[in-house]
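The structure appears below as structure tokens.
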Amino acid sequence: MLDINFIRNNPDKVKQAIDHKHENASNVDQILELDTQRRSLIHACEQLKSKRNEKSKEVSELKKNGHDASRIIEETKKIGDDVKSLEEKLKELEPQITNLLLRIPNIPAADVPIGKDASDNVIVKTWGQRKTFDFTPLPHWELGRMLNILDMERSSKISGSGFILLKGLGAKLERALYCFMLDLHTREHGYTELFPPFLVNRTSMTGTGQLPKLEEDMYRTATDDLFLVPTAEVPVTNIHRDEILSYKDLPIYYTAYTPCFRREAGSYGKDTRGIIRVHQFNKVELVKLVRPETSYTELESLLANAEKVLQLLGLEYRVAKLSTGDMSFAAAKCYDIEVWAPGLDKFLEVSSCSNFEDFQARRINIRFRDEDGKLRFVHTLNGSGLALPRTVIAILETYQQQDGTVIIPEVLQPYMREIKAITRQ
RNA sequence: GGAGAGGUGGCUGAGCGGCUGAAAGCGACGGUUUGCUAAACCGUUGUGGAGACAAAAUCUCUACCCCGGGUUCGAAUCCCGGCCUCUCCGCCA
């Protein structure tokens with residue numbers, strides 16, 4: 001969330017950000033109005049408390065010297081009642097303000113293109129050569145069925161639509177991919193590997209910003225009020241919640257594999273075929289906690305780390321700098337990586353790399369003490385490195401042969417017991 | 001699931017309802033001493049909020065001893081609820 005002081009001093013910037021992000025956000029003027037009320041209540045309340053503390057001390061003195069204190073006790077009781085009534089008003093007001101504050105989006109960075117949606121995103125990079133085929137490339141669901149590695153009919157029998165059942169070398173390819181990604185990021189890019197819980201509590205979900213806005217998109221276990229993680233970002237970023245780190249600890253780089261669970265409420269009818277959009281998918285996530293002054297160079301290197309996966313897999317991709325209208329609520333700047341899927345004849349988003357500046361850190365209260373002993377909020381970043389299903393799609397569709405077999409990219413072969421191709425099983 | 005014990009500052013650990021934002025020790029930081037290191041000695045050492053100030057520095061007030069309620073003129077301390085940790089038993093991959 002934003003600092004209330006920042007909103008107070010820069011209401012127009014905040015309003016402009018809301019406008020540019022096309023967010024259905026809280027009313028800034030209303031927040032400021034409530035904030036003014038809040039502060040005057042606090043002031044009045046604290047003055048009364050001060051008076052009460054003084055009187056209590058007098059009582060203590062009088063009693064110690066054996067005098068009667070009943071008159072002052074009566075007076076003080078009255079003050080206590082007034083304090084209580086002011087506190088009740090505050091207790092009503094404060095959650096209102098917090099709730100409104102939680103629905104104000106982050107301010108986009110200065111170099112983010114202003115636009116209304118994805119059509120205003122700017123392609124900043126393309127990598128790889130467009131693969132040409134002397135036959136018509138098939139979509140992955142055809143390949144998956146022919147090779148008997150993907151069974152969408154039976155997965156929907158087990159769980160409903162939008163769930164993946166991988167079989168044989170399909171399952172092995174999946175496992176090879178996330179092992180390869182984790183190895184790359186830990187060995188080459190300096191990330192620490194984590195294996196976090198897959199269920200998290202409400203506080204964690206609120207900390208990273210999935211709640212309160214997106215509760216409808218989350219799977220929740222009713223009896224325990226736990227949520228299935230929609231991304232490893234949630235457990236991993238929350239690791240240092242309410243902590244004060246040392247500047248010596250920074251930067252912190254974490255990577256984690258988790259399944260991701262998303263109800264995809266409201267997206268019915270979109271990308272329904274195959275495994276483009278599913279309720280459960282695997283992902284390797286990259287998370288960074290860094291010093292504020294380094295966060296934008298850290299964003300570039302995080303993006304490069306994610307790109308590296310596709311480069312090593314030999315998959316064509318492009319990088320888009322998201323416009324204000326397409327950016328997420330909490331991001332200050334965001335790049336999407338999109339991989340080319342020849343069978344679908346389109347690009348698919350496989351990673352979203354964002355700098356949240358101190359927006360998440362403020363919500364989640366992660367600070368660090370710098371060399372001067374000052375407390376400052378860290379900047380948080382994250383990105384997929386990468387999401388699995390769409391990477392699988394790109395591999396199957398890019399490396400398909402005329403006979404329907406699929407060549408395994410060389411970097412994955414050591415993870416596949418040196419199998420070089422997936423053939424009909 | 002049953003029974004018990006416990007949650008105090010960066011850590012260990014005292015704490016009678018008022019003199020406790022909190023003893024003591026450790027650590028960290030600064031200084032003195034020292035050829036260097038160590039040791040010794042001296043000093044500093046929380047955070048949030050509100051207000052004063054143009055702002056910073058600073059100052060004042062207020063809150064915080066797991067969280068939330070309650071009792072009281074006054075709560076780290078008493079009472080109730082919750083969360084978490086540990087031990088034992090049961091169940092279990």
Side-chain angles (χ1 to χ4, degrees), chain A residues 1-10 31-102 195-207 211 220-227 235 238-250 252 289 358 360-378:
Chain A
M1 66 177 142
L2 296 179
D3 186 357
I4 182 76
N5 288 305
F6 178 85
I7 299 177
R8 204 182 294 146
N9 296 326
N10 307 277
I31 292 181
L32 292 177
E33 165 62 29
L34 292 175
D35 176 56
T36 307
Q37 284 180 32
R38 174 181 146 266
R39 284 184 298 150
S40 75
L41 271 175
I42 288 175
H43 193 63
C45 192
E46 290 193 345
Q47 274 182 335
L48 284 177
K49 281 178 178 171
S50 179
K51 203 176 282 176
R52 181 177 65 181
N53 289 344
E54 260 172 55
K55 297 277 180 190
S56 288
K57 252 175 215 165
E58 276 181 51
V59 171
S60 165
E61 285 297 315
L62 287 172
K63 283 198 169 174
K64 201 158 56 180
N65 299 324
H67 297 299
D68 174 49
S70 51
R71 194 180 54 86
I72 298 190
I73 288 180
E74 275 311 305
E75 275 178 46
T76 316
K77 206 180 256 183
K78 173 85 175 47
I79 297 176
D81 292 342
D82 292 345
V83 167
K84 205 166 273 180
S85 84
L86 287 183
E87 276 181 341
E88 264 164 38
K89 279 185 203 160
L90 261 179
K91 223 170 278 170
E92 232 177 276
L93 197 55
E94 275 176 337
Q96 280 183 42
I97 295 174
T98 315
N99 265 323
L100 291 170
L101 221 44
L102 287 175
F195 192 81
F198 297 167
L199 279 86
V200 297
N201 57 32
R202 187 170 281 276
T203 312
S204 296
M205 291 289 275
T206 308
L211 302 181
R220 169 168 170 265
T221 66
T223 32
D224 299 299
D225 201 32
L226 292 172
F227 294 83
N238 272 284
I239 289 173
H240 295 292
R241 166 151 46 90
D242 291 322
E243 288 185 14
I244 296 174
L245 306 166
S246 162
Y247 67 94
K248 292 173 195 159
D249 299 329
L250 302 177
I252 292 174
L289 307 182
D358 63 5
Q360 276 183 333
R362 180 171 279 110
R363 251 181 205 244
I364 213 173
N365 196 23
I366 307 178
R367 291 170 297 172
F368 74 103
R369 206 176 284 283
D370 71 14
E371 291 87 337
D372 305 326
K374 271 198 182 161
L375 283 179
R376 305 166 65 190
F377 285 106
V378 301

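FYI, side chains are in, hydrogens and waters are out, and symmetry mates aren't considered; it's all heavy atoms of this structure. Everything numeric in this text was worked out from a predicted model, so none of it was measured. Naming convention: chains lettered A, B, ... in sequence-line order (proteins, then strands); numbering from 1 in each chain.
Of all nucleotides present, none satisfies the Watson-Crick or G-U wobble test against B/A93 with each distance under 3.5 Å. With both pairing distances under 3.5 Å, B/U87 is matched to B/A3 as a Watson-Crick or G-U wobble pair. Across all strands shown, B/G70 is found opposite B/C78 as a Watson-Crick or G-U wobble partner, with both distances under 3.5 Å. Base pairing of B/U32 is made with B/A40, judged by Watson-Crick or G-U wobble geometry with both donor-acceptor distances under 3.5 Å. Base-pair partner of B/A22: not found among the strands shown (Watson-Crick or G-U wobble, both distances under 3.5 Å). With a cut-off of 3.5 Å on both Watson-Crick or G-U wobble distances, the partner of B/A54 is given as none. Figure legend. B/U47 is base-paired to B/A63; pairs are counted as Watson-Crick or G-U wobble with both atom distances under 3.5 Å. Pairing partner, B/C16: none, since no Watson-Crick or wobble contact has both distances short of 3.5 Å.
Nucleotides B/G82 and B/C26 have their P atoms positioned 41 Å apart, rounded to a whole Å. The gap from the P atom of B/A3 to that of B/C61 amounts to 49 Å, rounded to the nearest Å. Separating the C1' atom of B/C64 from that of B/G21 is a span of 9 Å, rounded to the nearest Å. Comparing the same atom, C1', in B/G10 and in B/U45 gives a spacing of 10 Å after rounding to whole Å. On the C1' atoms, B/A24 is 31 Å away from B/C83, given to the nearest whole Å. Distance check on atom P: B/A54 versus B/G48 gives 24 Å, rounded to whole Å. Rounded to whole Å, the separation between the C1' atoms of B/A75 and B/C16 comes to 13 Å. Taking atom P in both B/U62 and B/A56, the straight-line distance is 23 Å, to the nearest Å.
Contacts of A/Asp81 classified as salt bridge (charged side-chain N to carboxylate O under 4.0 Å, His left out), with partners at least two apart in sequence or in another chain: none. Looking at residues two or more places apart in sequence or on another chain, you find a side-chain contact (heavy atoms from CB on, under 4.5 Å) between A/Thr203 and A/Asn201, A/Arg241.
Between the P atom of B/C67 and the CG atom of A/Asn201 lies a distance of 17 Å, rounded to the nearest Å. Protein atom NZ of A/Lys49 is 16 Å distant from nucleotide atom C1' of B/U60, rounded to whole Å. Rounded to whole Å, the distance from CZ on A/Arg52 to C1' on B/C73 is 9 Å. Note: CD (A/Glu371) to C1' (B/G30) measures 17 Å, nearest angstrom. The nearest whole Å value for the distance from the CD atom in A/Glu61 to the C1' atom in B/C73 is 14 Å. In this structure, the CG atom of A/Asp370 is 15 Å from the P atom of B/C29, given to the nearest Å.
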Once base and sugar-phosphate atoms are separated, protein heavy atoms under 4.0 Å mark nucleotides 48-53 of chain B, 5' to 3', with B, S and - as SBSS--
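Within 6.0 Å of atom CD in A/Glu92, 12 or fewer heavy atoms from other residues, nucleotides or ligands are found, so the atom counts as exposed in its surroundings.
A heavy-atom distance below 4.5 Å is not found between the side chains of A/Leu245 and A/Tyr247. Contact check for A/Ile7 versus A/Asp35: no side-chain heavy atoms found under the 4.5 Å cut-off. Annotation: side chain of A/Ile364 is in contact with side chain of A/Asn238 (closest heavy-atom distance under 4.5 Å). The shortest distance between side-chain heavy atoms of A/Ile4 and A/Leu101 falls below 4.5 Å. Residues A/Arg367 and A/Val378 have side chains not in contact (no heavy-atom distance under 4.5 Å, counting atoms from C-beta outward). For the pair A/Arg202/A/Arg220, a side-chain contact is recorded, criterion being any heavy-atom separation below 4.5 Å from C-beta on.
Residue A/Glu75 comes nearest to A/Lys55 through the heavy atom pair OE1-NZ, 3.1 Å, listed as atom of the first residue, atom of the second, then distance. Taking every heavy atom of both residues into account, A/Leu289 and A/His240 meet most closely at CD1-CD2, 3.5 Å. Of all the heavy atoms in A/Val200 and A/Pro235, the pair that sits closest is CG1-CB, 4.1 Å.
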Please tabulate, one pair per line, each protein N/O and nucleotide N/O from nucleotides 16-19 of chain B that are separated by under 3.5 Å, including the distance.
| from | atom 1 | to | atom 2 | distance (Å) |
| --- | --- | --- | --- | --- |
| B/G18 | O2' | A/Ser60 | OG | 3.4 |
| B/G18 | N2 | A/Ser56 | O | 3.1 |

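Taking a 4.0 Å limit (strictly below) on heavy-atom distances, residues 74-87 of chain A reaches RNA chain B at A/Thr76, A/Lys77, A/Lys84.
Contact annotation: A/Lys91 reaches the phosphate of B/G69 (side-chain N/O to OP1 or OP2, under 4.0 Å). Taking side-chain N and O atoms only, A/Arg369 has a distance below 4.0 Å to OP1 or OP2 of B/U47. Close to B/U62, at under 4.0 Å from its OP1 or OP2, lies a side-chain N or O of A/Asn53.
Comparing A/Glu54 and A/Ile73, the nucleotide of RNA chain B nearest to each residue sits closer to the 5' end for A/Glu54.
Between the side chain of A/Thr76 and the main chain of A/Ile72, a donor-acceptor pair closer than 3.5 Å is present.
Listed by first and then second residue, the salt bridge (Lys or Arg N to Asp or Glu O under 4.0 Å) pairs that reach into residues 82-91 of chain A are A/Lys49-A/Glu87, A/Lys78-A/Asp82, sequence neighbours excluded.
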